[in-house]
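See structure below.
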Protein chains: 2
Amino acid sequence: MRYLLVEDNRELAEAVIARLLLDGHAADHAATLAEARDWLSVADYDLMLLDVMLPDGDGRQFLTEHRATRDLPVIVLTARSQISDRVDTLDLGADDYLTKPFDFAELEARCRAVLRRRSGPSRNEIRLGEALFDPGAGTIDYGNTTLGLRNRELRLLEVFARHKGQILSKSQLIDRLFSQDAEISENAIEVYVGRLRRKLEPAGVRIETVRGIGYRLTTE
Amino acid sequence: MRYLLVEDNRELAEAVIARLLLDGHAADHAATLAEARDWLSVADYDLMLLDVMLPDGDGRQFLTEHRATRDLPVIVLTARSQISDRVDTLDLGADDYLTKPFDFAELEARCRAVLRRRSGPSRNEIRLGEALFDPGAGTIDYGNTTLGLRNRELRLLEVFARHKGQILSKSQLIDRLFSQDAEISENAIEVYVGRLRRKLEPAGVRIETVRGIGYRLTTE
DNA sequence: GCCAAGCTGACATCTGCCTGACACGGGGCG
DNA sequence: CGCCCCGTGTCAGGCAGATGTCAGCTTGGC
């Protein structure tokens, strides 16, 4: 999972980032709303943690604005004195709120809860051209056939599907699929892309090679 | 199914927990609101049973607060004298209420009702291909035979049936079947899946293995 | 035409899964 | 009270499917 933390208190921010990294997540930090906008325009996050009191503006306005354009879950961080605003906050489109100070166990639990709620029973299938990819079930449906994927193929396709159209390098893919200390050759990715292609071809899903750079998933 | 019981009367609590365990469910017990918050932050429940009179605060406030952030069904337990509050309670977001003293049969019935209501069509039986699964009775009918399941098998199948087609990891299944402090090896799940398979095979219900991830229930 | 990057069939390996056997405990029955 | 049976969870051995590497081949770019 990839997090964006928007928080101007440097000390707190560092602690949170450290903890998220420790848990094996990717995490970026923005100290201002302007920075946050920058990050959001270049990367693709799973969850945003947003402090509402920031030097260059009110986080809540940012929230409405943000909600209008994206569907990225947000957990709002507020000081205890602002609790009364919580209903407003939730109305503005936050998925949850957390009052400072909080402990990390609680933060993690909330994150998990939000991510689960988002991706849980609401069946998040991903449309890939004619085909329908269901990561939770590990299947792809097209026409009237259902085809099953195995572990690695599944996770690889998941990465591609969440970054449809973007070019992903082999090293990026290795980072997403394998644990840090695993020593894996880039050839492994080539092999898996090949296996995926063979299965996805009939479904009209293509993984294009961008020579020297990486791969890109396209649908017809 | 996994329950959280929030109740300060130790005797009653123990009896309820014992009964839930006996039924093959997972159940944790909190005697205070603080404890309840702890449990909620570490585990993932299907249903909460909440007494409103607790030593460290009013359960109803807890309920509102809780409702703002989570989507976990709640059955409130109240003393007979507090019946008049029941409308309030339901307004606050409880799914049902139960007046003490209650008997266990009623408790179970209410729990089933709430869970059923939550998970879609309010049928008591679940269709699995050709077969008809009745979680209440613990039986499966197909063709003209009825076959009985044991406790654990029953609960396991119940979880699978509620997430038909989805891949469930062994640790997820353990979470659903066993309480937090139970130390259970993943092999137990393998064994139960095996036993279930043997019984369900003739009924046309399959539990597929997805190596490295988990299991998936499918019907033909 | 040459080189680097990418593709792919074949293979050894390993680890995740399955299963028969068993030990344990509780409840019912004699 | 003791016996037995049933439900449950663990264990060890064995199997095989999934996985990653390799070597040789193909493709694309210059």
Could you state the CG-P distance from A:Asn187 to D:dC25, rounded to the nearest angstrom?
16 Å
Find out whether the Lys NZ or Arg CZ of A:Arg152 is both under 6.0 angstrom from the six-membered ring centre of A:Tyr192 and within 45° of the ring's axis.
no
Ranking D:dG9, D:dT27, D:dG20 by distance to the side chain of A:Tyr192, first place goes to D:dG20
Students should find that the nucleotides of DNA chain C closing off the region near chain B, any atom under 4.0 angstrom from a heavy atom, are C:dG16 to C:dG20
Rounded to whole Å, the CD1-P distance (A:Ile189 to D:dC22) equals 16 Å
Rounded to whole angstrom units, what separation is found between the CD atom of A:Glu190 and the P atom of D:dC25?
17 Å
Side chains of A:Arg197 and A:Thr209: is there a donor and an acceptor less than 3.5 Å apart?
yes
Distance in Å, B:His25 NE2 paired with B:Phe178 CZ, rounded so as to fall on 0.5 Å steps:
13.0 Å
Hey, which sits more toward the 5' end of DNA chain C by its nearest nucleotide, B:Leu22 or B:Arg195?
B:Arg195
Would B:Thr146 and B:Asp141 count as having a side-chain donor-acceptor pair, cut-off 3.5 Å?
yes
Is the phosphate of D:dG20 approached by A:Ser185 (side-chain N or O, under 4.0 Å from OP1 or OP2)?
no
Between A:Tyr215 and B:Gly212, whichever has its closest DNA chain C nucleotide further toward 5' is A:Tyr215
Just to be sure I understand the rule, does B:Arg198 reach a base, reach only the sugar-phosphate, or reach nothing, if contact means heavy atoms closer than 4.0 Å?
sugar-phosphate
Under the rule for side chain to side chain contact (heavy atoms under 4.5 Å, CB included), what residues qualify as partners of A:Arg127, not counting sequence neighbours?
A:Leu132
Please state how far atom NZ in A:Lys170 lies from atom P in D:dG20, giving the value in whole angstrom units.
16 Å
Sub-4.0 Å heavy-atom contacts from residues 150-159 of chain A onto DNA chain C, ordered by number
none
Using atom CD1 of B:Ile184 as one end and atom P of D:dT8 as the other, report the distance to the nearest whole Å.
12 Å
Judged by each residue's nearest nucleotide on DNA chain D, which is more toward the 5′ side, B:Val191 or B:Arg211?
B:Val191
I would like to know whether A:Glu190 and A:Asn187 meet side-chain hydrogen bond (donor to acceptor under 3.5 Å, both in side chains); could you show each step before the answer?
CA-CA 5 Å; A:Glu190 294 166 11; A:Asn187 180 267; 3.2 Å; yes
Rounded to whole Å, how long is the line connecting atom CG of B:Leu196 with atom C1' of D:dG7?
14 Å
Could you state the atom-to-atom distance from CD1 of A:Ile174 to P of D:dT19 in whole Å?
15 Å
Could you state the CG-P distance from B:Leu21 to D:dG9, rounded to the nearest angstrom?
11 Å
What verdict does the side-chain hydrogen bond (donor to acceptor under 3.5 Å, both in side chains) test give for B:Ser171 and B:Arg176, after you've listed the backbone C-alpha separation in whole Å, the side-chain angles of each residue and the deciding distance to 0.1 Å?
CA-CA 9 Å; B:Ser171 64; B:Arg176 285 281 153 281; over 6 Å; no
Test item: A:Arg216 side-chain N/O and A:Leu168 main-chain N/O as donor-acceptor pair under 3.5 Å:
no
Counting N and O atoms only, with roles assigned by atom type, does the side chain of A:Glu153 sit under 3.5 Å from a partner on the main chain of A:Arg150, one being a donor and the other an acceptor?
yes
